[in-house]
Amino acid sequence: MKVVTSDEMQQLDQKAIKLGIPGVILMENAGFKVVESIQNYFGGQLADKQVTIVVGKGNNGGDGLVIARHLSNSKVKVKIFLTSDPTEYSGDAATNMRIVEQMGIPVFRLEDENDLTRLNVTLLYTDMVVDAIFGTGFRGSPRGLTAQVMETVNESGVPVLAVDVPSGLDASSGKIKGVCVRADITVTFALPKLGLLVEPGVGAVGKLVVADISIPQSLLDSTGSRTEMVDLDWCIQAIPPRESTGHKGTYGHVLVIGGSMGMSGAPILAAKAALKAGAGLVTLAVPRSIQQITAAQITEILTCGVAETASGTFAAAEAAAQLQPLISTATAVVIGPGMSQGDEVGVFLAALLPKIHKPLVIDADALNIIAGLEGMRFLRSTVLTPHPGEMARLLGQSVGQVQSSRLEAVTEAVKKYGTTVLLKGARSLTATSEQFVYVNTTGNPGMATGGSGDVLAGIIGALLAQGLATEKAAAAGAYLHGLAGDEAASVQGQMGLVAGDLPEMLPRVLRRLGR
Ligand SMILES: NC(=O)C1=CN([C@@H]2O[C@H](COP(=O)(O)OP(=O)(O)OC[C@H]3O[C@@H](n4cnc5c(N)ncnc54)[C@H](O)[C@@H]3O)[C@@H](O)[C@H]2O)[C@@H](O)CC1
Ligand SMILES: [K+]
């Protein structure tokens, strides 16, 4: 599903209106879809619920007024609080204001601080607040009484449903300047807005529902947006079904290069994940002294012990030379998990990387090493998979800087390294040198556990080995990885989730895709 900015969405609204769908119908559909979500929230029982709707003067407020009408028809006790004078309403919002007034739904104008008391008292008896103050037309920061109204809503503890966008959030960038409504549910219209998916905005959204308001699909497809929200359908398109005549050679050979004394688990997790994500063959190359342990862990993989240093890490030139034949028979390579970062590992990596001309995933310690090397550029068939800490080292920034501007960080890394980069974390972002961005929506906090990233690297390696282009392998890999985590969490909860659970869940997840 495409992801749009406020301007792109407003253009789509205008195109739909030009096509002959009146704005007031789009508004009606929008309001109706929100009412559906409210009904679901209350388990189908709307009668006698108390809903407070806070309404701004734009079309987002107009949606709020439509919601008020339909809820009132369903015997909900509705109260409307306006942040602007009724005379300021225009167009479709004004039309709905007249209807609401004629229907006799209580409307209260918030004019000064004393009126906040009235809102506060109402909220004591409210089952849900509907936030219809600002939508995609919002710019800058909320001020004065409106900002206070938003704070009052946040402090009330009442569940909040945001109409289209939580008010105060810049729907294009996800930036929050000042106060922002904290929603439990956001029902956004037609297409997801970028600001709802990236930090810090994503934290204010709650559960995201994307509602069809009857803008024709052909129009939605015509948007020039290069940002995509990865969902199940997208993955089904990206990952081809297995051919009836396929054999293990058809699905590629993944070579995982990693591990060091005391860190044999990471490459094992990557190798297991590669197998479970459908690679035909997996070979694991590790420093010699941990070969035995790794071989004992998975029966289906080939292992290779490589020259090592006294401390059990890859031994510079000798190890790089030994790996050459394995690289030439591999279809895709994953390098980094558990490799550690000594000086000699750095020399090893610097010698090896320029010789890998296969689709490649660079992860974990390998990323920390390349962060210290000057002028590194990679082939387009390479995927870098940093977590925020690794990204901070790659860009010479703090983790805080990366996390506050994740989109900017991932696109900067693409420019710096010339290839596809996947920034991990809640809502992983994959960016490409063609300026496409893929936003992931699967996964849960239970996956913040050691080894989780190694599993992701293995999955991406397997998808590359099966012939997916880097951006599809990275974005679909992040989706499958998150879905495996969601599956694991639904079985056993989030707290006890460990990385080893994730590869085990992959076959079920792939089955959901019909694979
Ligand atoms: N035809 C359409 O365009 C449709 C629009 N829809 C709704 O309309 C919304 C967009 O409507 P609008 O473009 O009217 O914009 P909004 O309703 O988001 O609000 C814009 C209003 O707030 C004011 N404003 C902006 N930033 C402000 C700030 N920092 N402080 C104080 N006031 C500020 C603007 O001057 C304007 O009056 C969407 O989010 C969606 O909810 C839906 O009804 C579907 C159809
Ligand atoms: K809103």
Side-chain angles (χ1 to χ4, degrees), residues 4-35 37 53-67 69 81-97 110 129-150 153-154 160-172 175-196 201 204-206 208-215 219-220:
V4 288
T5 60
S6 296
D7 288 347
E8 286 166 338
M9 190 63 234
Q10 293 192 328
Q11 284 162 17
L12 285 171
D13 284 334
Q14 288 315 308
K15 279 187 187 173
I17 291 166
K18 247 186 165 167
L19 201 89
I21 307 175
V24 76
I25 289 191
L26 295 175
M27 188 174 276
E28 190 72 15
N29 291 344
F32 212 77
K33 285 288 172 150
V34 172
V35 170
S37 276
I53 310 183
V54 200
V55 169
K57 68 176 174 186
N59 285 333
N60 195 258
D63 298 341
L65 298 170
V66 174
I67 295 163
R69 287 171 27 223
F81 285 83
L82 303 181
T83 58
S84 296
D85 194 82
T87 55
E88 290 182 52
Y89 287 75
S90 62
D92 302 332
T95 304
N96 277 294
M97 178 60 79
L110 293 160
V129 182
V130 173
D131 156 35
I133 305 175
F134 298 124
T136 52
F138 173 76
R139 303 287 182 273
S141 59
R143 288 180 301 271
L145 193 67
T146 307
Q148 284 176 290
V149 169
M150 288 157 66
V153 167
N154 285 344
V160 177
L161 182 146
V163 176
D164 205 19
V165 181
S167 299
L169 173 61
D170 182 321
S172 296
K175 300 263 185 278
I176 297 170
K177 293 185 195 142
V179 60
C180 170
V181 169
R182 303 268 147 195
D184 297 278
I185 307 171
T186 297
V187 181
T188 201
F189 304 129
L191 291 174
K193 319 297 176 290
L194 183 57
L196 302 175
V205 169
L208 180 66
V209 177
V210 183
D212 171 13
I213 57 166
S214 82
I215 297 180
L219 279 189
L220 300 182

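For ligands, and for the atoms within them, numbers begin at 1 and follow the listed sequence.
Within Asp131, the N, O or S atom lying nearest to the K ion (ligand 2) carries the name O.
From the protein, the heavy atom lying nearest to atom 18 (O) of ligand 1 is Gly135 N, 2.6 Å. For atom 24 (N) of ligand 1, the closest non-hydrogen atom of the protein is Phe134 CE2, 3.8 Å. If you check which protein heavy atom lies closest to atom 15 (O) of ligand 1, you get Gly137 CA, 3.3 Å. Atom 3 (O) of ligand 1 has its closest protein heavy atom at Asp13 OD2, 3.1 Å. Ranking protein heavy atoms by distance to atom 37 (O) of ligand 1, first place goes to Lys57 CE, 3.1 Å. The single protein non-hydrogen atom nearest to atom 45 (C) of ligand 1 is Leu26 CB, 3.6 Å, given as residue, atom name and distance.
Checking side-chain atoms of Thr186 against main-chain N and O of Leu208 turns up no donor-acceptor pair under 3.5 Å. Looking at Tyr89, its side chain never comes within 3.5 Å of a backbone N or O of Asn59 through a donor-acceptor pair. For the pair Asp63 (side chain) and Ala30 (backbone), a donor-acceptor distance under 3.5 Å is absent. Under a 3.5 Å cut-off, the side chain of Asp170 and the backbone N or O of Lys175 do not form any donor-acceptor pair. A donor-acceptor pair under 3.5 Å is absent between the side-chain atoms of Asp131 and the main chain of Ala162, judged by distance alone.
Both the backbone and the side chain of Asn60 come within contact range of ligand 1, each with a heavy atom under 4.0 Å. With a heavy-atom cut-off of 4.0 Å, Asn29 does not touch ligand 1 at all. With a 4.0 Å heavy-atom cut-off, ligand 1 is reached by the side chain of Gln10 but not by its N, CA, C or O. Residue contacts with ligand 1 for Asp92 are absent, since no atom lies close enough (heavy atoms, distance under 4.0 Å).
For atom 9 (C) of ligand 1, the nearest protein heavy atom lies closer than 4.0 Å.
At least one heavy atom of Ser141 sits under 4.0 Å from some atom of ligand 1. Note on ligand 1: Ile17 sits in its first shell, one or more heavy atoms being nearer than 4.0 Å.
Among Asp164, Asp63, Asn59, the residue whose heavy atom lies nearest to atom 42 (C) of ligand 1 is Asp63.
Considering CG of Asp7 and OG of Ser172, their distance stands at 5.5 Å, rounded to 0.5 Å.
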* Asked: Taking it one step at a time, do Asp164 and Lys193 satisfy salt bridge (charged side-chain N to carboxylate O under 4.0 Å, His left out)?
  -> CA-CA 9 Å; Asp164 205 19; Lys193 319 297 176 290; 3.2 Å; yes
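At least one N/O/S atom of Phe134, whether from backbone or side chain, sits less than 3.4 Å from the K ion (ligand 2). One of the N, O or S atoms belonging to Val165 lies under 3.4 Å away from the K ion (ligand 2).
Note on Glu28 versus Arg69: salt bridge recorded, some NZ/NE/NH1/NH2 to OD/OE distance being below 4.0 Å.
Draw a line from the K ion (ligand 2) to O of Val163 and another to OG of Ser167, and the angle between them is 170° (to 10°).
A donor atom on one side chain and an acceptor atom on the other are found under 3.5 Å apart for Thr87 and Asp85.
Remark: Asp13 engages no residue in a side-chain hydrogen bond (donor to acceptor under 3.5 Å, both in side chains) (not counting sequence neighbours). In this view, Thr146 satisfies the side-chain hydrogen bond (donor to acceptor under 3.5 Å, both in side chains) rule with no residue, not counting sequence neighbours.
Close approach of ligand 1 to Arg139 is summarised as follows: ligand atoms under 4.0 Å from at least one heavy atom of the residue are 25 (C), 26 (N), 27 (C), 28 (C), 29 (N).
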